[in-house]
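Here the structure is laid out as structure tokens; the discussion comes afterwards.
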Protein chains: 2
Amino acid sequence: MTTTLDFEQMLRGAALRVTRPRVAVLSAVHALSHADTEAIIGVARQDLPKVSHQAVYDSLNALAAAGLVRRIQPPGSVARYEARVGDNHHHVVCRSCGRIADVDCAVGHAPCLTASDDAGFTIDEAEVIYWGYCFDCSPEGKT
Amino acid sequence: MTTTLDFEQMLRGAALRVTRPRVAVLSAVHALSHADTEAIIGVARQDLPKVSHQAVYDSLNALAAAGLVRRIQPPGSVARYEARVGDNHHHVVCRSCGRIADVDCAVGHAPCLTASDDAGFTIDEAEVIYWGYCFDCSPEGKT
DNA sequence: TCCATTTTTTGGAATGAGTCAAGAATATGG
DNA sequence: CCATATTCTTGACTCATTCCAAAAAATGGA
């Protein structure tokens, strides 16, 4: 498993100060998958009962800016965070229940798609969200 | 140009009641590109000065559910609406200024991508958001 | 054309994720 | 161990969006 020391080293490696809220938040993101801020606050408070929600927001922003966690914001949902970074994977979202699952990117590096016409933009990443229904919510799954 | 009658027919064609707020909102979305709700309210009130913001929200929801407009929710931005529907095009978002531009989909029909592993989901659409910098914000553009 | 029914709009209040700000606490480098 | 800069706490606040009940309007049939 990943220990507190590992998280501290991850923080130092990203030139971030090692604080207890940051360690707790980083640990929480690793323990959960696609968690929203509220869930992260809950888990972080198991370790550190008095962290303020503001500290969690600040930590998440710092961790996301440093690339230690990835922020995903599926339309119709609050911001979510995940620990898988660097492999440019994508997500599939259930239209019915909102469940999110990971989908590996066939290309593996960003940008994994080339736009047909970039409208003058310099594109460095292509984010793909697949929409559909998870097994439990799919019409076939209900028969 | 598109006339009020055209918009009324679009509403009837979608089995929606023809109301003045809906016509004004549909017209506003056609007149703007990637407009947020506030801008739509402003333009709709040029035709119909007393529409409530709630009526605009309801109209946008009804139009989006009927497929007459498309709702896009870029992370870090409020909901935006556009009139181009049915051609499965994508968007490029500027990381710096938030500007949005259309990018035609090379495939043209949904889903335009096949997931490598669908995690048990039934996928019907692949939404692509390209991230980068627009010409005005790009490092090259500033030299 | 007019009425009754159903749907939509109004207006105001409420929700809730996220942000702002000032002072207190803490991590870091020397 | 100290000085300094960063981070955390606390609490109030913003603002897009939603909820609610009453009033208004659109539609289909007479």
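Chain letters run A, B, ... following the sequence lines, proteins first and then strands; every chain starts at 1. Please read these numbers as outputs of a predicted model, since none were measured by experiment.
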Between P of dT8(C) and CG of Leu26(B), the distance in whole Å: 15 Å

Linked, directly or transitively: Val51(A) and Tyr57(A) (ILVMFWY side chains, under 4.5 Å): no

Between C1' of dT15(C) and OH of Tyr57(B), the distance in whole Å: 13 Å

Sugar-phosphate only, base, or nothing, as touched by Ser52(A) at under 4.0 Å among non-hydrogen atoms: base

Separation of atom CG in Asp58(A) from atom C1' in dC20(C), rounded to whole Å: 11 Å

Leu48(A) CG to dT26(C) P, straight-line distance once rounded to whole Å: 11 Å

Rounded distance in Å - CG (Leu11(B)) to P (dT7(C)): 17 Å

Atom pair distance, as rounded to whole Å: NZ in Lys50(B) and P in dG11(C): 6 Å

Side-chain donor-acceptor contact under 3.5 Å, Arg95(B) with Tyr133(B): no

Which residue lies more 5' along DNA chain C, comparing Gln54(B) with Arg17(B) via nearest heavy atoms: Arg17(B)

Stepwise side-chain hydrogen bond (donor to acceptor under 3.5 Å, both in side chains) check, His91(B) with Glu82(B): CA-CA 11 Å; His91(B) 296 99; Glu82(B) 66 181 354; 3.1 Å; yes

Presence of Thr37(A) side-chain N/O under 4.0 Å of dG18(C) phosphate oxygens OP1/OP2: yes

Test: Arg99(A) and Asp136(A) ion pair at under 4.0 Å: yes

Nucleotide dT9(C), atom P - distance to CZ of Arg20(B) in whole Å: 12 Å

Aromatic ring proximity His30(B)/Phe7(B), centre distance under 6.0 Å: yes

Side-chain N,O (Thr19(B)) to OP1/OP2 (dT7(C)) below 4.0 Å: no

Distance in angstrom units between Leu60(A) CG and dT19(C) P, rounded: 11 Å

Minimum-distance nucleotide (side-chain atoms of His53(A) versus dC8(D), dA12(D), dA17(C)): dA12(D)

Nearest-nucleotide 5' precedence on DNA chain D, Arg12(B) against Ala79(B): Ala79(B)

